[in-house]
Structure formats: structure tokens, C-alpha cells
Amino acid sequence: MVGADRGAVWMGLREEGAETGSGARAWMLLPLLLFAAGLPRTASYPRLIESVEAQLRTGDQELIEIGRQVGYPTDRLAGLQRSIEENASLRTRALPHVLPTLIFLWIAVLVYAGRSLSARTAAALRWPPLTRGRLREWRMPDGALWMFLAGLALLLAPWPAWLETGWTLLLNAGIGFCVQGIAVVESWMLARGVPASIIALTLLFVFAVALPVFVLAAAAMGLSDAWLDFRRLEPASGDHGEENR
């Protein structure tokens, strides 16, 4: 409990102290990322994978049983069972590599939800408001680039035992840069007067229609922004008015 309290105090100081930028907020999750990256190196990790896989198989069987109870035709039920078996085979190969990333993302979502709840509580009690980060200001800290490169190096190195750790670093850093790429696009569109609702609908449409291309393009934009910092190159909103005079 003492260690957890110290961790909470450290995260609070990082969040509400002098460094309140989005990069400082991302550093809050560094201990969690290190935990996720080191999880595959623990002795109990194979048992964890087996337990999760067994629960997923149970869910597959329950889904097939629901199909029978609903009254699916025999051919349709056979197709459902075949599809589930194919997905289960792919899932078995991918699960050891993606499970630490899923754990990291789940806890990160819980941290964000807890912070949102704390902000509402502080507003209700009229305490000093928490700093609020906007998506268009999101920028990964410079050290995240080294984590991305470290994950890529572990995947390319001839060390099979480190593949899960490499995937964890690469995927999580890549997701962060993907969000940064989306933030760059949103900032660019807002600077040109596009309403926020139109931006959200556009991003949602592209995400639904071309998910793999969207993710890769956004991650590439975020990685480019790590060097070029596109938002610093954008003119401020008041500069357009001075030019038009």
C-alpha cells in the first residue's frame, strides 16, 4: 500500500506540477509500460497465457452453443464454428505478443477514467481544477522515440525470447505516435476553421473504412512530427488577421 501511495503521489506531481504538457502526462505511464514490457520475462507468463486462452476457448464454445439455441441452420452453424476455429488459431499465435499491450491499454484507460472522475469531483467540491489536455496538443515525449526504436531492434535481433518485449514496446509507442498524428491533423484542420464536429465525423469515417491504412498513416505522421514539429510551423490564429490588414 505504501508503494502504491507513493506511485500515486508521483503521478499527481507529474500531472499537476510545473510540467503539465501532454508529454509530461505520457511519462506518467512509463512505470506501467516497463511492467508490461517485463511481463513476458516472468516465469508465470506462460501460465497466464494458458489461463487467458482457456477462458477464450470457453467463450468460443458458449458462442457456438448460443447459435444452436437461437436455431441457426446447420450450414450456417458449421460456418460459424469454422470461422471461430480459424480465429482461435490466429489468436493463439498472436496472444503472447499482444497481451502485455492489451493490459497496458486497459490500465491506461482506467487511469484516464479515474482522472476524469477526479476532475468532476474537484469541480463539484470547488477545489482547484485539474489541468485539461486537448487532443490537438498531444505530443509524445522525445524519449518515446527511443522506446519505439528499442522495440524495433528487439524484433529484428536474433533473440526469440525477447519478441514479446519488442512487440510491447513497438506497439505501445506506435499507438502513442498514432494519436500524435491524429492530433496534428486535428490541429491543422482547426487552424483552417473546420468545425470540431466535422473533424470527428471525418476521422470516424476514415477509421471505419480504411482502418489499417488510417493507423499506419497516422503513426507515420506522428513519427514525422517528432522531428519536424508541424504545429510549431502553423501560423497562430491572430497572424491571419494581421496579414489581411
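Here the structure is a predicted model, which means the values were calculated and not measured.
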Heavy-atom check, side chain of Trp167 versus side chain of Pro96, under 4.5 Å: no

For Met140 versus Gln180, what's the shortest heavy-atom pair and its separation? N-OE1, 2.8 Å

Do Asp229 and Arg139 come close enough that some side-chain heavy atom pair is under 4.5 Å? yes

Between Trp106 and Ile103, is any pair of side-chain heavy atoms under 4.5 Å apart? no

Taking C-beta and beyond as the side chain, do Asp225 and Phe177 meet within less than 4.5 Å on heavy atoms? no

Do you know which two heavy atoms are closest between Leu63 and Leu80, and how far apart they sit? O-CD2, 4.4 Å

Met147 atom CE: more than 12 heavy-atom contacts under 6.0 Å: yes

Are Leu204 and Ile175 connected, step by step, through hydrophobic side chains (Ile, Leu, Val, Met, Phe, Trp, Tyr) whose heavy atoms are closer than 4.5 Å? no

Do Leu154 and Trp159 pass the side-chain contact (heavy atoms from CB on, under 4.5 Å) test, and can you show the C-alpha distance, the side-chain angles, and the key distance before you say yes or no? CA-CA 7 Å; Leu154 288 175; Trp159 303 328; 4.0 Å; yes

What are the two closest non-hydrogen atoms of Leu77 and Gly67, and how far apart are they? CD1-C, 4.1 Å

Nearest atoms (heavy-atom pairs only) where Gly151 meets Leu169: CA-CB, 3.8 Å

Tell me the closest heavy-atom pair linking Phe148 and Gly174, and the distance in Å. CD1-N, 4.0 Å

Residue Tyr45 excluded, over 12 heavy atoms near OH under 6.0 Å: yes

Is Glu85 salt-bridged to Arg82, going by a charged N under 4.0 Å from an acidic O? no

Give, for atom CG of Leu171 and atom CG of Leu155, the distance between the pair rounded to the nearest 0.5 Å. 8.0 Å

Side chains of Ile182 and Trp138: closer than 4.5 Å at any heavy-atom pair? no

Salt bridge (charged side-chain N to carboxylate O under 4.0 Å, His left out) evaluation trace for Arg47 with Glu50: CA-CA 5 Å; Arg47 293 195 299 271; Glu50 293 175 359; over 6 Å; no

Evaluate the side-chain proximity of Leu223 to Leu145: yes if any heavy-atom separation is below 4.5 Å, no if none is. yes

Ignoring hydrogens and geometry beyond distance, is a side-chain donor-acceptor pair present between Ser89 and Arg93 at under 3.5 Å? yes

Minimum heavy-atom separation for Pro40 and Pro100, please, with both atom names. CG-CG, 3.8 Å

Taking the side chain as everything from C-beta on, heavy atoms only, tell me whether Thr42 gets closer than 4.5 Å to Leu48. no

Cation over ring, Arg41 on Trp162, under 6.0 Å and within 45°? yes

Hey, what's the ring geometry for Phe207 with Phe214, parallel, tilted or perpendicular (30° and 60° as the breaks)? perpendicular

Side-chain heavy-atom pair Met189, Arg136 within 4.5 angstrom cut-off: no

